[in-house]
Peer 1: 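Submitted below is the structure of interest, expressed as structure tokens.
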Protein chains: 2
Amino acid sequence: MSSQAVTLADVAVEAGVHPSTVSRVLSRPQLIGEPTRTAVHAAIHKLVYTPNRAARQLAGGRVGAIGVLVPDITNPFFAHVVRSVQQGCRRNGLTMLLADTDQREADELSEARALAGSVDGFVVCSPVAATQQWLQVVGTAPLVFVNRRANGVASVALDQQAIIELGVTHLRAAGHRSIAVVRGPHSYWSSRERDRVVRRLPGLVTYGPVRPDFEAGIALATDLMRSNVTGVLAFNDVQALGIVAGYRAAGRSVPRDLSVVGSDDIADAAMSDPPLTTVAAPVQQLGDAAFDLLARLLAGAIERPEITLPVTLTVRASTLGRSSTSSTNSIATKGNHR
Amino acid sequence: MSSQAVTLADVAVEAGVHPSTVSRVLSRPQLIGEPTRTAVHAAIHKLVYTPNRAARQLAGGRVGAIGVLVPDITNPFFAHVVRSVQQGCRRNGLTMLLADTDQREADELSEARALAGSVDGFVVCSPVAATQQWLQVVGTAPLVFVNRRANGVASVALDQQAIIELGVTHLRAAGHRSIAVVRGPHSYWSSRERDRVVRRLPGLVTYGPVRPDFEAGIALATDLMRSNVTGVLAFNDVQALGIVAGYRAAGRSVPRDLSVVGSDDIADAAMSDPPLTTVAAPVQQLGDAAFDLLARLLAGAIERPEITLPVTLTVRASTLGRSSTSSTNSIATKGNHR
DNA sequence: CAGGTCGGTGCAAGCGCTTGCACGATGCCG
DNA sequence: CGGCATCGTGCAAGCGCTTGCACCGACCTG
């Protein structure tokens, strides 16, 4: 296994102590006398000793690793979450095992099963499998859901109601009367949650479920063009950009022919043509909160908080009033993410 | 650790055989007789047995995991590479340990060191640390570099010369006479490689080194506006989009005031305003090739091929001839990645 | 039909580390 | 000044798995 030559025993010899002493210096330093501790540390540095994770785990200690599952790492939304989780890991000397489930439910659980036993806990983004299944797979290992609330599971999610309300209110305020909300895949908690909100709001047209990707957005554009919808709240930014692209390809214009509101505020939203009005998600916070939650559970916390993060509306040029309002278009607004 | 209750020994009891037999069924099935094998498999399924990775590794077998290091996972270019590597992992029942080095050289090696001994091999994207250091850190573990060629290390990289030539030739053909090439960080192999190519090409202005991100692109725009440059080849798409944004923010227009060519052809390139002309990198192939290479090394191959992948020019609307040429703008061209 | 082969399985020795326990050496108390 | 906490360290038993080796019976060959 690589250069893994130097073991704890080597360090022990070098420092002239028993292996167990070295082990203790590493795990519970306060148990060891000052002089010995120093000597051991010196030996560790001299030999460039790196503990063998497998052995450590096998002996019953912590693994020092967490598993992160995402439906699609190329989706910037998840990439950001992953990144801030990873930063948390680095700060705490943990390793991150990442699996991309490719949005397939079966893979989600099988990946988790493969990882269980190799990690101390899980952060799972937008899980689709049933909560029961998850609890069964992870057993007693701490589990944090991102972007899905579930009974008995710690989670950090976006305020889905606010997403719908901010988007719709903005469109209404701009004078739109025929407003569509695009539903996401029913397997997503966020999608189901939004459906619930939409149902309570009068006068909305719904489309979908439509996959939250660019291609699906393009396809959806065709349907939208055939309708009398003038304002649409997409399921996320990537899909929204697809709608825009679909319109552009058909010679139509956003926002002239259709006002589009996205959701997430990924970097592309500010760079697209036109810049996308969107309900901004605090991605960095999402990841940070998820890691914190997991870290706390790992440390022995027993509550399972269900954190809801607020969202904000970022108005750009993809929405336009039916009457005459002018639109904002500034790269300065981009500052709010990251 | 989690629900990890059922061990190989349990399976052995259930199947009425010796633990070692179960082990062999899993690792070298052909050694075991058909009837026994079936019985063991039945027991495995019945008990929902999942091998303990740590124990397996400790016992000297394969770890069944590879380490992947990227400078920035939120960069779509790397996200795609990671994703196709991950797909390779899934197909081969491997686990992927991912670390985001945040573009810091120190973190690169320390992450690698932490991972060494927990993985069978490494895929390292755009490494900045010296080859010597890398070889030392990974020891005898297989190592594959992505986007950097190095003596004695298997690698898969893009044809940097073609990137420069395609970009510059395109700009020249459009009638530009004052063309700038933006240099990337000197720590990048790709950047140094491009510098070498640029040096051989007459009449080019260089800028930078400039960080390959959006903000740096915006900042660079200011410099560009003060010059008489009319065409620029950015270090990558994200930076290019930054340049475009910088121009827009200053009330200037791309491509009217400046033709911009990016590099990578990330999804955003097709969605931006204006859609970005760019030298397209075969990201999927990059990841696939990297995984294949590593898999082959893992399987015992001894050659260390240095694969160079070809790039192609995707013309969109961010470049314009100084005379009168018309520009392309079609979402159809997006089809070439993924 | 005996001796040799060989496929199939059991056996046991670890891999590197953690940790409960035992034990020697201090230092304190009465 | 002796006995007893107390602190610091050594000891050894595994954690769950792989693997070289030994072994046994069935098969093949002459």
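Naming convention: chains lettered A, B, ... in sequence-line order (proteins, then strands); numbering from 1 in each chain.
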Peer 1: Given C:dG16, D:dC17, C:dT9, identify the nucleotide with an atom nearest to the side chain of B:Ala59.
Peer 2: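 Among C:dG16, D:dC17, C:dT9, the one nearest the side chain of B:Ala59 is D:dC17.
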
Peer 1: D:dC21 P sits how many Å from B:Arg28 CZ, rounded?
Peer 2: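 Rounding to the nearest Å, CZ of B:Arg28 and P of D:dC21 are 13 Å apart.
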
Peer 1: Rounded to whole Å, please give me the gap between CG in B:Asn52 and C1' in D:dT18.
Peer 2: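 Computing the B:Asn52:CG to D:dT18:C1' distance gives 13 Å.
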
Peer 1: Taking salt bridge (charged side-chain N to carboxylate O under 4.0 Å, His left out) as the test, write out the residues that go with A:Arg104, two or more places apart.
Peer 2: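 For A:Arg104 the salt bridge (charged side-chain N to carboxylate O under 4.0 Å, His left out) partners, ignoring immediate neighbours, are A:Asp102, A:Asp107.
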
Peer 1: I'd like a table of donor-acceptor pairs (distance under 3.5 Å, sequence neighbours excluded) in which one partner is a side-chain atom from residues 89-99 of chain B, with atom names and distances.
Peer 2:
| from | atom 1 | to | atom 2 | distance (Å) |
| --- | --- | --- | --- | --- |
| B:Arg90 | NH1 | A:Asp100 | O | 3.3 |
| B:Arg90 | NH1 | A:Glu111 | OE2 | 2.9 |
| B:Arg90 | NH2 | A:Asp100 | O | 3.0 |
| B:Thr95 | OG1 | B:Arg53 | NH1 | 3.1 |
| B:Thr95 | OG1 | B:Arg53 | NH2 | 3.0 |

Peer 1: Quick check for you: among C:dT18, D:dT18, D:dC17, whose closest atom lies nearest to any side-chain atom of B:Ala55?
Peer 2: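 Nearest to the side-chain atoms of B:Ala55, counting from C-beta on, is D:dC17.
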
Peer 1: Reckon A:Val22 touches a base, only the sugar-phosphate, or nothing at all at heavy-atom distances under 4.0 Å?
Peer 2: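 The answer is nothing, as A:Val22 stays clear of every strand by at least 4.0 Å.
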
Peer 1: Let's see if you can work this out: which of D:dC17, C:dT19, D:dG16 has an atom nearest to the side-chain heavy atoms of B:Leu58?
Peer 2: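 Closest nucleotide to the B:Leu58 side chain: D:dG16.
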
Peer 1: Rounding to a whole Å, what distance do you find between B:Gln30:CD and C:dG7:P?
Peer 2: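 In whole Å, C:dG7 P lies 12 Å from B:Gln30 CD.
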
Peer 1: Measure the distance from CZ on B:Arg56 to P on C:dG16 and round it to the nearest whole Å.
Peer 2: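 Spelled out: CZ on B:Arg56 to P on C:dG16 is 18 Å.
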
Peer 1: If I take atom CG from residue A:Leu109 and atom CG from residue A:Leu69, how far apart are they, to the nearest 0.5 angstrom?
Peer 2: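 Output value for this atom pair is 9.0 Å.
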
Peer 1: Taking all atoms of both residues into account, what is the closest heavy-atom pair of B:Gln103 and B:Tyr188, and its distance?
Peer 2: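 Nearest pair, atom of B:Gln103 first, then B:Tyr188: OE1-OH, 3.0 Å.
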
Peer 1: Whole angstroms only, please: what is the CG-P distance between B:Leu26 and D:dT19?
Peer 2: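 Going from CG in B:Leu26 over to P in D:dT19 covers 12 Å.
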
Peer 1: Name the residue closer to the 5' end of DNA chain C, choosing between A:Pro19 and B:Thr36 according to the nucleotide with the nearest heavy atom.
Peer 2: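 Here B:Thr36 is the residue nearer the 5' end.
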
Peer 1: Using a cut-off of 4.0 Å on non-hydrogen atoms, how would the nucleic acid contact of A:Thr21 be classed: base, sugar-phosphate, or nothing?
Peer 2: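 Since only primed, P, OP1 and OP2 atoms lie under 4.0 Å of A:Thr21, the category is sugar-phosphate.
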
Peer 1: Kindly compute the distance separating OG1 (B:Thr74) from CG (B:Asp213), expressed to the nearest 0.5 Å.
Peer 2: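 Rounded to the nearest 0.5 Å, the OG1-CG separation comes to 9.0 Å.
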
Peer 1: If you only use heavy atoms from C-beta on, which nucleotide in C:dA12, C:dT18, D:dC21 is closest to the side chain of B:Arg24?
Peer 2: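 Closest nucleotide to the B:Arg24 side chain: D:dC21.
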
Peer 1: How close or far is atom P of C:dT18 from atom CG of A:Leu31, stated in whole angstroms?
Peer 2: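 Distance check: A:Leu31 CG to C:dT18 P gives 13 Å.
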
Peer 1: Side-chain donor or acceptor of B:Ser20 under 3.5 Å from a matching atom on the base of C:dC11?
Peer 2: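 Such a pair is found, so the answer is yes.
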
Peer 1: From the list D:dT9, C:dG10, D:dC17, which nucleotide is the closest neighbour of the side chain of B:Val17?
Peer 2: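 Minimum distance to the B:Val17 side chain belongs to C:dG10.
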
Peer 1: Measure the distance from CD on A:Glu34 to C1' on D:dC7 and round it to the nearest whole Å.
Peer 2: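 Roughly 15 Å, once rounded to whole Å.
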
Peer 1: Given C:dC11, D:dT9, D:dC11, which nucleotide is nearest the side-chain atoms of A:His18?
Peer 2: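 Out of C:dC11, D:dT9, D:dC11, the nucleotide with an atom closest to A:His18's side chain is D:dC11.
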
Peer 1: Expressed in angstrom and rounded to an integer, what is the separation of A:Leu8 atom CG from D:dG10 atom P?
Peer 2: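 Spelled out: CG on A:Leu8 to P on D:dG10 is 12 Å.
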
